[in-house]
Amino acid sequence: MSPDRPRIGYVLKVYPRFSETFVVTEILARETRGTEIQIFSLRPPADSRFHDTLARVSAPVTYVPRIRRPDGLWSVLAAAAAELPRLPEALPELLAADAEDAGQAVDLAVRVRRAGLTHLHAHFGSVATTVARLASLLTGVPYSFTAHAKDIFHESVDPADLRRKLTGAAHAVTVSDWNAAYLADRYGAAAGRVHRVYNGLDLDAFPFQPDAADRPPVVAAVGRLVEKKGFDVLLDACRLLADAGREFRCRVVGTGLLEAELRERSARLGLTGVVEFTGPLPQPQVRAVVRSAAVLAAPCVVGTDGNQDGLPTVLLESMALGTPCVSTDVAGIGEVVRDETTGLLVPQRDPVGLARAVARLLDDTALRTRLATAARGLVEKEFDAVRQARELDELLVTPEPAP
């Protein structure tokens with residue numbers, strides 16, 4: 001490894017994960033800058049499909065062994081003691097943690113020291129950051145993490161735990177100004193090292209198509225079929241559009257816990273032949289669906305469990321491709337879908353407003369062209385993966401030398 005380059009261990013709950021294309025994009029952009037990366041996955045992947053971009057990642061992947069029983073932690077501690085001089089002072093934290101998390105942290109810490117890594121970065125402020133933080137205590141190697149959405153807003157979030165992670169981090173990243181303001185309001189001084197760094201796109205993989213005015217009346221929707229995506233509202237809006245006599249199609253790409261419920265709702269609303277559920281698709285096919293649509297609908301909502309999207313990647317991808325977007329006023333979405341400028345915004349859980357916005361775009365080809373052109377300009381300026389990688393690298397700190 002080059003001594004003048006950062007050497008970062010990415011700590012992820014699951015790698016690769018079909019729905020987390022933004023992680024792969026980030027790693028690739030940082031590797032292009034010369035950052036040396038090793039990936040540590042705490043769980044094996046469960047997805048049966050993977051995106052083609054994975055083949056471009058150079059970083060080796062280690063699947064950290066899991067400690068299934070509390071008594072197994074003692075064996076791990078005994079084996080690692082000689083390599084981790086900080087173990088005695090970190091022991092109270094380890095004993096207070098879940099045994100599986102503590103065991104993985106010890107194993108990770110040994111690997112970090114052996115590899116000479118200079119920084120740890122986790123995605124999501126949940127288990128990956130738990131393990132990264134403990135490994136940091138054991139090694140003196142600083143850690144950071146990116147906070148996204150569920151790890152901030154969901155009712156299961158332990159405020160004391162997230163505060164502890166924010167306080168201990170060399171820095172934290174979040175994906176929107178809205179998120180950063182939320183963290184500052186809720187966690188005060190503990191959020192003082194939170195930086196907003198937008199997720200980026202590999203713009204070469206999402207070439208702009210200046211044909212928004214010429215596309216057929218197809219509405220695309222992409223995402224996991226879960227409550228916060230608001231696809232039930234989209235189905236209601238589709239019924240309203242059909243009742244108004246409109247000829248259009250809606251293609252819903254993705255899978256999730258609510259798939260059966262949404263399919264049943266679609267059938268009950270008489271949308272067979274209007275709405276198509278494609279299931280999950282590889283990224284090239286997702287791009288093809290979005291690129292050929294006249295409208296991308298992302299009717300996001302705040303879930304009954306508090307969960308909500310921070311800033312959906314599909315909006316950035318659609319805007320990059322030249323597909324006009326309709327979304328809602330949830331969290332940081334308005335930072336990218338700027339109403340009447342780069343897209344249209346409607347209130348959440350408002351099928352009437354959503355139907356009207358979709359109808360406007362289907363009817364007004366000049367509006368589609370204007371919004372699509374402005375949206376691409378915003379993505380190029382603020383959401384380029386090259387910019388994201390540079391901003392992340394500039395946040396790195398020099399680690400304390402390990403004893």
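No hydrogens, no waters, no symmetry mates; every other heavy atom, side chains included, goes into these values.
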Novice: More than 12 non-hydrogen atoms from neighbouring residues, nucleotides or ligands closer than 6.0 Å to CZ on R43, yes or no?
Specialist: yes
Novice: Between L271 and L235, is there a side-chain heavy-atom distance shorter than 4.5 Å?
Specialist: yes
Novice: Return yes if some donor-acceptor pair links the side-chain N/O of S176 with the main-chain N/O of N179 below 3.5 Å, else return no.
Specialist: yes
Novice: Of all the heavy-atom pairs spanning P142 and S136, show the shortest one and how long it is.
Specialist: CA-OG, 3.9 Å
Novice: Determine, stepwise, if the pair R368 / D211 fulfils salt bridge (charged side-chain N to carboxylate O under 4.0 Å, His left out).
Specialist: CA-CA 9 Å; R368 294 210 303 263; D211 61 351; over 6 Å; no
Novice: Would F153 and Y182 count as a ring pair (Phe, Tyr, Trp, His ring centres under 6.0 Å) if you check the C-alpha gap in whole Å, the side-chain angles of each, and the deciding distance to 0.1 Å?
Specialist: CA-CA 9 Å; F153 307 122; Y182 175 90; 5.1 Å; yes
Novice: Are a donor atom and an acceptor atom from the side chains of N307 and H154 found within less than 3.5 Å of each other?
Specialist: no
Novice: Strictly below 4.0 Å, N to O, side chains only: are E31 and R56 in salt-bridge contact?
Specialist: no
Novice: Does the side chain of V326 come within less than 4.5 Å of V295's, by heavy atoms?
Specialist: yes
Novice: Has E317 got a side-chain atom pairing as donor or acceptor with R287's backbone, closer than 3.5 angstrom?
Specialist: no
Novice: What verdict does the side chain to side chain contact (heavy atoms under 4.5 Å, CB included) test give for D202 and L28, after you've listed the backbone C-alpha separation in whole Å, the side-chain angles of each residue and the deciding distance to 0.1 Å?
Specialist: CA-CA 9 Å; D202 174 2; L28 285 170; 6.0 Å; no
Novice: Is there side-chain contact between T328 and V301, with heavy atoms separated by less than 4.5 Å?
Specialist: no
Novice: Do H123 and E26 pair up side chain to side chain, a donor and an acceptor below 3.5 Å, judged on atom types alone?
Specialist: yes
Novice: Taking all non-hydrogen atoms of both residues, which atom of P347 and which atom of D329 are closest, and how far apart?
Specialist: CA-OD1, 3.6 Å
Novice: When you look at R338 and L345, which way does the side chain to side chain contact (heavy atoms under 4.5 Å, CB included) test go after all the steps?
Specialist: CA-CA 7 Å; R338 300 176 181 178; L345 278 184; over 6 Å; no
Novice: Quiz question: by atom type and distance under 3.5 Å, do the side chains of H148 and T174 form a donor-acceptor pair?
Specialist: no
Novice: Do the side chains of D158 and R163 get close enough for a salt bridge, i.e. N-O under 4.0 angstrom?
Specialist: no
Novice: By the definition side-chain contact (heavy atoms from CB on, under 4.5 Å), identify the one residue from D98, L42, V14 that meets it with V127.
Specialist: L42
Novice: Can a donor-acceptor pair be found, under 3.5 Å and without considering hydrogens, that links the side chain of Y143 to the backbone of K165?
Specialist: yes
Novice: Do T118 and V141 come within less than 4.5 Å of each other through their side chains, counting heavy atoms only?
Specialist: no
Novice: Yes or no on side chain to side chain contact (heavy atoms under 4.5 Å, CB included) for D236 and R265, after CA distance, side-chain angles and deciding distance?
Specialist: CA-CA 9 Å; D236 292 345; R265 187 188 192 99; 3.0 Å; yes
Novice: Indicate yes or no: does K229 engage D309 in a salt bridge with an N to O separation below 4.0 Å.
Specialist: yes
Novice: Between L201 and F383, is there a side-chain heavy-atom distance shorter than 4.5 Å?
Specialist: no
Novice: Could you please spell out the steps behind the side chain to side chain contact (heavy atoms under 4.5 Å, CB included) verdict for E83 and R114?
Specialist: CA-CA 9 Å; E83 296 192 61; R114 289 176 180 174; 2.5 Å; yes
Novice: Does L95 CG have over 12 foreign heavy atoms under 6.0 Å away?
Specialist: yes
Novice: Please find the pair of heavy atoms, one from I333 and one from S327, that lie closest to each other, and give the distance.
Specialist: CG2-OG, 3.5 Å
Novice: Tell me every residue that passes salt bridge (Lys or Arg N to Asp or Glu O under 4.0 Å) with R239, counting only those two or more places apart in sequence or in another chain.
Specialist: D243
Novice: Does any non-hydrogen side-chain atom of Y187 lie less than 4.5 Å from one of L162?
Specialist: yes
Novice: Would R390 and D393 satisfy salt bridge (charged side-chain N to carboxylate O under 4.0 Å, His left out), going step by step from the backbone distance to the final call?
Specialist: CA-CA 5 Å; R390 182 184 70 249; D393 283 347; over 6 Å; no
Novice: Taking the side chain as every heavy atom from C-beta outward, state whether F22 and Q388 have any pair of such atoms under 4.5 Å apart.
Specialist: no
Novice: Side chains of L395 and S144, heavy atoms from C-beta outward: is any pair under 4.5 Å?
Specialist: no
Novice: Which of parallel (below 30°), tilted (30 to 60°) and perpendicular (above 60°) describes H195 and H171?
Specialist: perpendicular
Novice: Is it the case that the side chains of R215 and T323 hold a donor-acceptor pair, with the cut-off being a distance below 3.5 Å and no angle test?
Specialist: yes
Novice: Report yes or no: does S266 contribute a side-chain atom to a donor-acceptor pair with the main-chain N or O of L262 at less than 3.5 Å?
Specialist: no
Novice: Does atom CD (E340) have a neighbourhood of more than 12 heavy atoms from anything else shown, all under 6.0 Å?
Specialist: yes
Novice: Okay, side chain of D364, backbone of L367: is any donor-acceptor separation there less than 3.5 Å?
Specialist: yes
Novice: Would R349 and E227 count as a salt bridge (charged side-chain N to carboxylate O under 4.0 Å, His left out) if you check the C-alpha gap in whole Å, the side-chain angles of each, and the deciding distance to 0.1 Å?
Specialist: CA-CA 11 Å; R349 301 188 187 279; E227 183 188 9; 3.5 Å; yes
Novice: Ignoring hydrogens and geometry beyond distance, is a side-chain donor-acceptor pair present between K150 and S156 at under 3.5 Å?
Specialist: no
Novice: Looking at every heavy atom in both V175 and T146, which two are closest together, and how far apart are they?
Specialist: CG1-CG2, 4.1 Å
Novice: Check whether the side chains of Y198 and E335 place a donor and an acceptor atom closer than 3.5 Å, and report yes or no.
Specialist: yes
Novice: I'd like to know whether E276 forms a salt bridge (charged side-chain N to carboxylate O under 4.0 Å, His left out) with R249, so could you lay out the CA-CA distance, the side-chain angles of the two residues, the decisive distance to 0.1 Å, and finally the verdict.
Specialist: CA-CA 8 Å; E276 174 192 2; R249 295 279 305 280; 3.4 Å; yes
